[in-house]
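Treat the numbers as computed from the prediction; the structure is a model and nothing was measured.
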Amino acid sequence: MKQLRTRFAPSPTGYLHIGGLRTALYSYLYVRKNNGKFILRIEDTDQGRYVEGAVEIIYRTLRETGIVYDEGPDVGGDYGPYIQSERKNEYLKYAKQLVESGHAYYCFCSEERLASLPDVNGARRYDKHCLHLSKDEVERRIASGEKYVIRQNMPTTGSTTYHDAVYGDITIENSELEDQILIKSDGMPTYNFANVIDDHLMHINCVMRGVEYLSSTPKYNLLYDAFGWERPMYIHMPPIMKDAQHKLSKRNGDASYEDLIKKGFLKDAIINYIALLGWSPKDDSEKMSMDEMQQKFDISGISKSPSIFDPLKLAWLNSLYIKEMSAEDFADYATPWMENGFLAKFDKTLVCKLIQSRIETFGEMEDKLRFLVEFDKFDKDLYTNVKQKADATLAKEILPAIRAKLSAVTEWTNQNLFDTLVNLSAELNCKKGAVLWIARIALTGLAVTPGGASEIAEIIGKDETLRRIDESIAMLN
């Protein structure tokens, strides 16, 4: 069997979208599982949509996520160049070969003529107007400097069938195929033409891409057949949906890898989640490392049905990765979320210890800890906790004692503060949970907070702790 060779061929039109990253990931996992080669090729033939810096984003994203390619623009290889615009002269040669064999032809139709073609359901279908121009006329018009494109000459009868590893046999009636442009008037190839030529020249024998190409693949196969080349194996992947009706789309501003990183998701969690958008391992694992995914990946696990991007599922998965981080790694990663805001005024180690097990993304840190710097009047009903037998009446009775005990603490640590409050509950013949609950409410004015009274008191410090208790006592009088 030939060595498996597949590729990821993104267009440099902005951030690397989640769908594109999934294509790269599946291609990478499939190649590694089968000891093949993974190639990166930049498809920049649409110069009008080129975004400055986008190529570097592609390199950086693949590098950060551990999707390592064997050949590519920045690593080299035997079949370069790996940027389509640098291969421009190759395409015209092959297009002319198709013209000679009758599988393509020169088209000189103006924009005005194309716009005058019948509009069928919002689409204008080319009518082969230039197909039968004589060779002499074609040469004369080219020599006179007239603009032209080269179109593929599609059959008008019969059908084209191919096999997809996920969706099975796909048949398209040839009458549905339009004579697509292969070479544009600026001499650049269209994506539809360049990707076939490049795949052949780079010995790509497995093409993995989104399901949106399922119906256009017959066009590519007709090109392979016209050249007498072997068709590759096709693996089409289901779409990633924003919801039941809307596809996740870069054009609509939906999430890219870098967007998710900026929101506080970890790269390992992102890659893990993206792997599950359209594929599931046989053992139904959910949390997997890259090595585990490589071992488990099988195209039989790719679904035919659309996958819905669920931010809540991603956040849950991310929280598992956060909890597994060492305290040092968590503190290092949390630094950008702490150093430029109000959290910078607190002890970093204490804050990280408090919050690590209580967030799903790093982007939540400020919102979840805003009570450390904000303390306002609150409803005394918050003191009510039926299970702990706590209420505002009990709070009014014991808060002065809590203040007195805490004011006497000299070594202001979580353990000492906790022990002080527990010992006080015994002195007052009161439930430990009630004292801790009332102390926490008095310090935060919130029903729910990450951490308990002693942890919060340690972070905000003795003076602020006593000040807040004084205010809470005043609110009850």
Got a list of side-chain donor-acceptor pairs under 3.5 Å for residues 264-272, not counting sequence neighbours?
unit_1, atom_1, unit_2, atom_2, d
Asn272, OD1, Met288, N, 2.7
Asn272, OD1, Tyr321, OH, 2.7
Asn272, ND2, Glu286, O, 2.7

Going by atom type alone, with no hydrogens or angles, which donor-acceptor pairs under 3.5 Å involve a side-chain atom of residues 387-397 and a protein atom two or more places apart or on another chain?
unit_1, atom_1, unit_2, atom_2, d
Asp391, OD1, Thr393, N, 3.2
Asp391, OD1, Leu394, N, 2.9

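Legend: residues meeting side chain to side chain donor-acceptor pair (under 3.5 Å) with Asn195, ordered by chain and number and at least two apart, are absent. Contacts of Phe193 classified as ring-ring contact (aromatic ring centres under 6.0 Å, His included), with partners at least two apart in sequence or in another chain: none. Residues satisfying the salt bridge (Lys or Arg N to Asp or Glu O under 4.0 Å) criterion with Arg440, sequence neighbours excluded, are absent altogether. Under the salt bridge (Lys or Arg N to Asp or Glu O under 4.0 Å) criterion, Asp284 pairs with no residue at all, not counting sequence neighbours. In this structure Tyr273 satisfies the side chain to side chain donor-acceptor pair (under 3.5 Å) test with no other residue, sequence neighbours excluded. Applying the salt bridge (Lys or Arg N to Asp or Glu O under 4.0 Å) criterion to Arg124, with sequence neighbours excluded, gives Asp119. In this view, His163 satisfies the ring-ring contact (aromatic ring centres under 6.0 Å, His included) rule with no residue, not counting sequence neighbours. Applying the side chain to side chain donor-acceptor pair (under 3.5 Å) rule to Glu178 yields no partners; only residues at least two apart in sequence or on another chain are considered.
Separation of the Tyr220 and Tyr234 ring centroids does not fall under the 6.0 Å cut-off. Ring pair Tyr69/Phe8: centre-to-centre distance not below 6.0 Å.
The side-chain hydrogen bond (donor to acceptor under 3.5 Å, both in side chains) contacts involving residues 289-304 comprise Tyr28-Gln294, Asp283-Lys296, Ser285-Lys296, Ser289-Glu292, Asp298-Ser300, where partners must be two or more places apart or lie in separate chains. Screening residues 381-414 for ring-ring contact (aromatic ring centres under 6.0 Å, His included), with sequence neighbours left out, gives Phe378-Tyr383.
Between the side chains of Tyr79 and Asp198, no donor N or O sits under 3.5 Å from an acceptor N or O.
Looking only at distances, a side-chain donor or acceptor of Arg87 sits under 3.5 Å from a matching main-chain atom of Pro81. Remark: the backbone N or O of Ile181 is not paired with any side-chain donor or acceptor of Asn192 at under 3.5 angstrom.
A salt bridge is absent between Glu471 and Arg468; no separation between the charged side-chain nitrogens and carboxylate oxygens falls under 4.0 Å.
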